[in-house]
Structure formats: C-alpha cells, structure tokens
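Beneath this line is the structure, given in structure tokens, with notes to follow.
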There are 2 protein chains.
Amino acid sequence: MTSPPRARRPAAVSDAAAVSDTAAVPDDAVTIGAGTIGAGVPDTKAARTRERVLDAAAEVLSRKGYAGTRLAEIADVAGVQAPAIYYYYASRDELIEEVIRRGQERAQGHVEAALAQLPAGASAMTKICAAVEAHLRAVLQLSDYATAAVRNIGQMPDEMRKRLVAAQARYGILWRSLFEEARARGEIDPDVDLHAAQLLVIGALNSAPEWWNPKRVPLEDVVTTALTITCRGLAVSWPLPGTEGTT
Amino acid sequence: MTSPPRARRPAAVSDAAAVSDTAAVPDDAVTIGAGTIGAGVPDTKAARTRERVLDAAAEVLSRKGYAGTRLAEIADVAGVQAPAIYYYYASRDELIEEVIRRGQERAQGHVEAALAQLPAGASAMTKICAAVEAHLRAVLQLSDYATAAVRNIGQMPDEMRKRLVAAQARYGILWRSLFEEARARGEIDPDVDLHAAQLLVIGALNSAPEWWNPKRVPLEDVVTTALTITCRGLAVSWPLPGTEGTT
DNA sequence: GGCGCTTTCTAATCTAAATTAGATTAAGCA
DNA sequence: TGCTTAATCTAATTTAGATTAGAAAGCGCC
C-alpha cells in the first residue's frame, strides 16, 4: 500500500513516534489544551501547521466518530483547504491513526506520571485510585486526543484497530498489574472478577466525556465521585448485600 | 423531501410504535435473541422480512457504528438486495432510527420489569442493584438492539440524536429517581454527586459489550462483579437485614 | 530582483454508497 | 386460468467525499 509516499511530503516529524512504542510522550509534553509540540519537534511554520491539522482532526474525530469524520471539516477547523492535509499526511487513515495513537500515549503518560509520584510504599488500592483519577482527568481535560482515542477504537477498519489495540497493550498490562497486585495483597473483594472489574472501571471513566458538562457538575466532583465509587466498590471492607433482588 | 413516501410501501407495522412512547414493548415481547415480533404484529411474510431487515440492521449497527453501517451489508445479512430495504423503510436513517429506538425500549422494558418484580418494601439500594443487573443483562444478552443503541447515540446526525435522546428521557428519569430515593433515605454516600454517579454507573455497564467475551468471563461473573462494585461503591454502608423501610 | 524550494490553493478525477426507475417474479383470488 | 397486488430484483442515477494534478503564492538566498 505504501508506495513511496509522495516525493514532496516533508519528513513527517512523528512518523517515527507513530510507530515506536518505546518512546512514550515525555512528561513535559503532556499538557492541557490544543497543540502540544513534543520534545524534539522543530518549531517551523510547517510543523505548526501539521500540528494544527492534527489538533483539528482530534477535535472532529472526538465529536463525529471515525466514519463520520470528514477531511473537509478537519481542514475547515484547521483553517486550511482539504488537499493541504495531503501535504502532511499520506491519507485520511494515516492522520486518524496518528491522532488516536497520540491520544493513547497521552492518557498512558498521564497515568504513569501520576503513579510515579506516589510514595514508594503506597498500597495497591492507593495506586488504583491514582490511576483512576489520572485517567479520568486525561479523558476530560487532556484535549480531544484522549477522547478521540477512547470513543473510536471499536469502529475502525480491522487492520487499523488491530495495530492500535496492539499499541495499547502496554497500557492494559499496566492496569492489570495494578489490579493483580491489589488482589494479591487481599485488597480487592474476592467476589469481583479482576478482568471484568478492570474493564468496567475503565469503561465508566471513558464514558465521562460523553456526558460530562462542566456547568452541571464541576470536574472535581466528578473526580471525587469516580474515586469514591470505584475504590470503595473494589475494596474488600464492606459486606455484600444479601441475596435480595439478585435472584 | 418527505413527499408521500412511496405509494407502494406497505403500512409499516411499527411506524406507530416507533413514534409512540407510551407503548413500551410489552414484557412478553422482550426476549433473548434475534427477531422479536411485538404483540399485534401480523405474522405475514412481509412482516417477517421487515423484521429480518431490522435484525440485520441492529447487528451491523452494533458492530460498525452509525456511519460505518452500509445498506449493502445489512441487505447481505438479511439475505436480500439492498433496494428491497426501501420497500420497508423510507431511508437508511429511518431504519437505523427504528433499530435504536427499539433498543432503548427493550433495555428500558427489561429494567422496568425487573423493578416491578421486587417486593414492595425493597430498599432503594436494592432497586438500584436490580436495575444495574437488568440493564447489564439487556446490553449483553438482549440481541443487538440494545448494544446498537448504547454504542451509537452520540455519533449520529444532530436531528436524529435529539429525537432519540428525547425519547430516552423517561429512562433517564427512572434512573434518577432511583438515585434520588436512595439519597433521600441516606443510602448513598454524601460524597458522591448523584448525576455523575448515575452516568458513571451506566457508562460502565454500557461499556461491557465492547469488551465482554463469554469465553473469558462468564456472564454471571460479570453481573456479580458489576453489582458488587456499583452497589457497594455507592452505598454509605449496607442496611442491616430487617432495617429496610424503617427510615 | 530573480531562483528554487516549500507550502497552499483551485479545479479536476475517482469511487463508494445511497437512492430511484422500471422490470420481473410470486401469491392470492375471481 | 388469467388478473391484481405484493415483494423483490437488476440496472441506472446521483451525490458526497477522498484523492490527485498542477498552478500559484510565499520566502530565503544569491
């Protein structure tokens, strides 16, 4: 498919980053808002335009979904004509894939940074709480990239999804290890299935961008609520309800 | 554009049902699996084909998402040529909208039925548990309709979404009233924001179809896990046996 | 004060998919 | 058995949107 991708295309700054999975976005590159120029990216006009297109794509993608995303709309948001996009990206899919990949990297980087700040002896449940909070803040605050990632895996062409899911494996493993550590230390209720619990929790967090409205519930309240529910829900210290109503 | 929608189109059986919101799907119509012919639908060949097309649409929609859904694929799954769909539905969007509407109705009907079976004096938290279980079972077992509904609101054309969200209002109110009752009775932790909690819980449940794999975690384990986490996560503590209704 | 590179534009082209037209087959029924 | 309506098909038509071609505009540099 990838015949020499157009002589005129400039060395795409993040072709490398898009493939490498060792180079997580450095902490200082994780910021709130729109254009985050990663470390090492030359700040030329072209690089900025490229970034602007990427930001626009993230915005549209998070709003319209994979198949509903139009290049024309992206171009419009970026303040450019549609064909200009091809100067930076070989195809619509390449652009979209980079957005999602970056979203994943950012969320993961944010969570890892939060975990790294915990004191050495933190309990497993404390770590889970920190991860929950960081992930939630990532999808709610960290620009549209994380949202785009979260809302669109699952509706993309198989090939692309496969690659993206593979790229995300490390993040899944991170979460799993948190849960396994908690279970090993007896901090998680024996009735909960670890895998189901992990995905339910992440699912709850990922749903937040769909409904959260800062005017209705302040961010901090959402965070508190999520922390309260998930961490207490997982923990072992409360008795289960009787069999009432649960058949 | 909606000039008389084609003389030849037969009286679409559920044109009425698709609009009425009083006529919730009757309990006996809520079944597991594919084609559920609602009460009062004549069982003619045409009605069956129409239903088959609807089922196919639900299946494709739940898998590919709104914009990724192709009439050709629906037709293929239904064992029919694409244009035949227009004999039953005026447009792609009309078909899709009916799928989602039915999905909403089914989930809601399922939850309401579960609540109706609870003993009169059930605690508010017991009701929430019942609703959680019923909703989860609906999205995991109740054919593709509920899944299609859950996964696609949020990516459809604005007009359509508006209508569907409006149609769903009653369901939202049902949940809210459950949460409000629990709070009024002091059964919910004062730290949790009611609105955020409600949507986090529903978000967690709605995420299940994205990842659940019956081979990996049995359905019953998912249900148990969800119940454990959500109900204990919300509760301030569990009412002791026998204290229900003594508020 | 023109030259070549970079960046972006306008104006096609190409393609997939919804929708329509009209023909064709199946089914009840006089 | 022929006639009318129902149900479905095949073969256009249309449209939206990605992609390509190739021209122009900006810009550093001699």
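Note that the structure is predicted; figures quoted are calculated from it, not measured. Convention: sequence-line order gives letters A, B, ...; per-chain numbering from 1.
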Of the listed C:dA17, C:dT19, D:dC9, the closest approach to the B:Tyr86 side chain comes from C:dT19
Round to the nearest Å and state the distance from A:Arg92 atom CZ to C:dT15 atom P. 17 Å
Between B:Glu73 (CD) and C:dA16 (C1'), how many Å, whole number? 14 Å
Please tabulate, for the side chains in residues 68-80 of chain A, all donor-acceptor contacts under 3.5 angstrom to protein atoms that are two or more places apart in sequence or on a different chain.
residue : atom : partner : partner atom : Å
A:Thr69 : OG1  : A:Gly65 : O            : 2.7
A:Arg70 : NH2  : A:Ala67 : O            : 2.9
A:Glu73 : OE1  : A:Lys64 : NZ           : 3.0
A:Glu73 : OE2  : A:Arg63 : NH1          : 3.4
A:Glu73 : OE2  : A:Arg63 : NH2          : 3.1

Looking only at heavy atoms, the pair that brings A:Val223 and A:Leu136 closest together is CA-CD2, 3.8 Å
Are OP1 or OP2 of D:dT8 and a side-chain N or O of B:Thr49 less than 4.0 angstrom apart? yes
B:Arg50 atom CZ is separated from D:dA6 atom P, nearest whole Å, by 16 Å
So, B:Arg151 versus B:Tyr66: side-chain donor-acceptor pair below 3.5 Å or not? no
Ignoring backbone atoms, test whether A:Ser91 places a side-chain nitrogen or oxygen under 4.0 Å from the OP1 or OP2 oxygen of D:dA18. no
Which of C:dT19, C:dA11, D:dC9 is nearest the side chain of A:Pro83? It is C:dA11
When you get a sec, tell me which of C:dT7, D:dC9, D:dA7 is the closest nucleotide to the side chain of A:Tyr87? C:dT7
Length of the line joining A:Gln81:CD and D:dT19:P, which is rounded to integer Å: 17 Å
Could you give the OH-to-C1' distance, from A:Tyr89 to D:dA18, as a whole number of Å? 17 Å
Taken to the nearest whole Å, CD1/B:Ile85 to C1'/C:dA21 is 17 Å
Could you work out which one of D:dC9, C:dT19, C:dT8 sits closest to the side chain of B:Leu71? C:dT19
Once you round it to whole Å, what is the distance between P of C:dT15 and CG of A:Asp93? 17 Å
Please work out whether the ring planes of A:Phe179 and A:Trp175 are parallel, tilted or perpendicular, with thresholds of 30° and 60°. tilted
May I have the step-by-step check of salt bridge (Lys or Arg N to Asp or Glu O under 4.0 Å) for A:Glu94 and A:Arg101, ending in yes or no? CA-CA 10 Å; A:Glu94 184 184 299; A:Arg101 196 160 244 133; over 6 Å; no
B:Tyr88 side-chain N/O to D:dT8 phosphate OP1/OP2 under 4.0 Å: yes
Between CZ of A:Arg70 and P of C:dA16 the distance, given in whole Å, is 16 Å
